[in-house]
Amino acid sequence: MKKNILVILLLCAGLLLACNLSSTPSLTPTPNLTAALKTPKSKAQTPTAVTDGTKTPLQTPLAAETAPTLELQAPNATPEPTIGAVPVSSANYGPEGGTIISIAIDPSAPKILYAGSENGRVFKSTDGGENWIKLKADFSMSEISTLAIDPITPSTIYAGSSYLYKSTDGGENWSEIGIELPDEFGGTDYPPILTLEIDPISAANLYAGTNMGVFKSTDGGKSWRKINNGLSDEYINDLEIDPNSSTTLYAGTSGGMFKSTDGGENWYELNTGFDSLEIQNLEIAPSSSTTLLAATQIGMIKSTDGGENWEVIDTGNSNDFVDALAIDPLIPSKFYASTTTGTILKSTDAGETWAEQSMNTNIVSVFAFDPFTPKTIYAGTYAGVFKSIDGGETWKAKNAKLTAFTVTTLAIDPGVPTSFYVGTYGCLYKSVNNGVTWTRINKDIPFTVFTSIAVDTKTPATIYAGTYDGVFKSTDGGENWSESNTGLEDLEIRVLGIDPIRPATIYAVTDLGVFRSTDGGENWSESNTGLTNLDISALVIDPTKPTILYVGTSGGGVFKSTDGGWNWREANLGLANDEIYALLIDPTAPTTLYAGTGEGVFKSTDGEKWMEFNTGISDPEVTSLAIHPGSPNTVYAGTQIGHIFSSINGGESWEELSVDLTNSDIINMMADPRLANTLYVGTFVDGLQIIR
């Protein structure tokens, strides 16, 4: 079932964050975090905005930028004899992990488990999480908010998302069994599935919690009817069935707790002592079903009489906002909880006292117990699946071949050509061996979304990370970080750019325009004179004359500065679309620029006037661009729905690459500076891809 937390901002939909920028006369662009992120995000996933009962993502495309030239040896790369426009294959490049918000364990064979990601992927393990395979199902990039396994026929699995999906062969194949709303709600619309419960006695009986109440099926999902009699709030965050009485159900809603004793036909409130509590998640003790735990906006509450009376539990933790709850299946007094700060709390005395258990500041969105060995616990986190075999005392990541990260930004290290940096929701990773292995390097940075990485090309150990919470700086290759936010307080960073000649000069694109630092990020000042649109989505710097800069805006077209960002003017002549998702500058001829827009690619050869260059581009919403520094006529364009187009004649004509990234929005791209037919692609659902 869905174990959510409330949003940080967004969404991610707005997500569109940017990618990094660098320097030197030869530059490889790292185009932007697309205006993708259009799928609803889980509360536990941070970025989402809830309006009128439905979750909608933000839409703020992020920027494209440039990365330095370097000798980057791609793993297992086979250089082609000529510069080709069409790579022949694609492969996942990591990092392993992702935002996992749902887990289900086969009750008859607990080494078989399923994990659902926040961005629409389901993975399966048959060896207790040691290895994973991605199931071949298209869930349209909607979060897998809940997974449920038929307790009688475990090969039957349900996945709740924007629709409800069902598999009868262990996840190999799926069919859509969405809940069609009654005529008064439109007849053909389907509410998102937030939580799903299966009757343990009669598995054909299903209960689905949605933002329009509870629906029930008595035929395994073939038909549904609404059962909301008595529910004064119909936004259902969680459902639970009493394991000892399958007609007794509990519903945690945005307006309190409700109970039914007749299979959902009628409901009554269980809010004694509390007013309008929002129940984020709910748990029943399997071995003592009158014991219930609930996470609310005032912390955890507990009932020992089937929900009739509740008391607040004092965890002793300064942050009582709980993302995930669990009760030991055999010991009803053993509780687990995870807070928004990444702390795992454990109580062995029904919540009277608590002890902290660290998981490297990972925020847990869901716990799942091995039904035969309850000391074995799985946790779905922002960094993938973690496993404990000692009742939560210690945890280890279990993410082999589980690649579900949304790559929000990527960069290469100009000092170590085999090194990559990748930013995601909540995590920053580094690889020093061409993506064979990855290490998480954001230990000193609070949980946030990483939007941009910029590496100082003259001192590559100096790295800047742009986030939803400002700028962070490292001078030792990412081992340690400190805030660099004076003058940027409370601003969301979308793009970072470093002056390639004077690297102490840094530009930060924020949600309030452009800011500039001339002292390596210590202090920042606003630099918006002449900008009539501060909703900026992209930034590029002339590598030979870095006082010349261009920014792309969301709704205002392109602006140009010739004095280091102090003053700006429009440079939009010929642009048919003022929604700029990405900008790209030719490192060998910096007056030549490309713009990715909602109507395709536009090109300028003087930094002022633009012409449409879309011949061969069938999907016009271009959100990311890349160029090969050694062959500037080789240009790539990525789109919001996962298509990549290649041009070998400077955009005169384009050819679609035959790689299967459909429904995996292209957020950013970076061409290998050595191999003309090698491209690194940051995606919305499948991590970092290498395309040759």
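All values below were derived from every heavy atom in this structure, side-chain atoms included, with hydrogens, water molecules and symmetry-related copies excluded. Here the structure is a predicted model, which is why all the values come from computation and not from measurement.
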Do you know which two heavy atoms are closest between Gly478 and Ile463, and how far apart they sit?
N-CD1, 3.7 Å
Quick check for you: to the nearest 0.5 Å, what is the distance between Ile103 atom CD1 and Thr381 atom OG1?
8.5 Å
Walk me through whether Leu164 and Trp224 qualify under side-chain contact (heavy atoms from CB on, under 4.5 Å).
CA-CA 12 Å; Leu164 184 61; Trp224 296 84; 3.3 Å; yes
Counting C-beta onward and ignoring hydrogens, is there a side-chain heavy-atom pair between Asp444 and Asn442 closer than 4.5 Å?
no
What one should report as the nearest heavy-atom pair of Asp686 and Lys134 is OD1-NZ, 3.3 Å
Would you mind reporting whether Ser287 and Leu330 have side-chain heavy atoms less than 4.5 Å apart?
no
Within the 3.5 Å criterion, strictly below it, is a donor on Asp127 or Ser125 matched to an acceptor on the partner's side chain?
yes
Kindly assign one of parallel, tilted or perpendicular to the pair Phe420 and Trp438, based on the angle between their ring planes and the thresholds 30° and 60°.
tilted
Between Ser347 and Asp349, do the side chains contain a donor N or O and an acceptor N or O under 3.5 Å apart?
yes
Are any of the side-chain heavy atoms of Trp132 and Thr403 separated by less than 4.5 Å?
no
Asp390 versus Lys375: any side-chain heavy-atom pair under 4.5 Å?
no
Grab the two heavy atoms, one from Ile100 and one from Val366, that are nearest each other, plus how far apart they are.
O-CG1, 4.4 Å
Heavy-atom pair with the smallest gap, counting every atom of Ala465 and Leu428
CB-CD2, 4.5 Å
Taking all non-hydrogen atoms of both residues into account, name the closest pair between Ser246 and Ile201 and its distance.
OG-CG1, 3.8 Å
Short side-chain to backbone donor-acceptor contact, Lys302 and Ala350, under 3.5 Å:
yes
Could you measure the distance from the CD1 atom of Ile344 to the CH2 atom of Trp395? Nearest 0.5 Å is fine.
5.0 Å
Validation row, ring centre Phe369 to ring centre Tyr336 under 6.0 Å:
yes
Is there side-chain contact between Phe335 and Leu325, with heavy atoms separated by less than 4.5 Å?
no
Atom pair CG (Asp106) and CD1 (Ile149), whose distance is rounded to the nearest 0.5 Å
5.0 Å
Within this structure, what is the CZ-CG distance for the pair Phe472 and Asn480, rounded to the nearest 0.5 Å?
13.5 Å
Side-chain donor-acceptor contact under 3.5 Å, Asn119 with Arg121:
no
Below 4.0 angstrom, N of the basic side chain to O of the carboxylate: do Lys346 and Glu393 qualify?
yes
In short, Tyr114 meets Gly170 closest at the heavy-atom pair OH-O, 3.3 Å
Short N-O contact, Lys401 and Glu96, less than 4.0 angstrom:
no
In Å, rounded to the nearest 0.5 Å, how long is the span from CZ of Phe447 to OG1 of Thr467?
11.0 Å
Does any non-hydrogen side-chain atom of Tyr235 lie less than 4.5 Å from one of Asn211?
yes
Check whether any side-chain heavy atom of Thr156 lies under 4.5 Å from a side-chain heavy atom of Tyr158, and answer yes or no.
yes
Between Asp233 and Ser254, does any side-chain donor sit less than 3.5 Å from a side-chain acceptor?
no
Find out whether Leu293 and Ile313 are in side-chain contact, i.e. whether some heavy atom of one side chain is under 4.5 Å from a heavy atom of the other.
yes
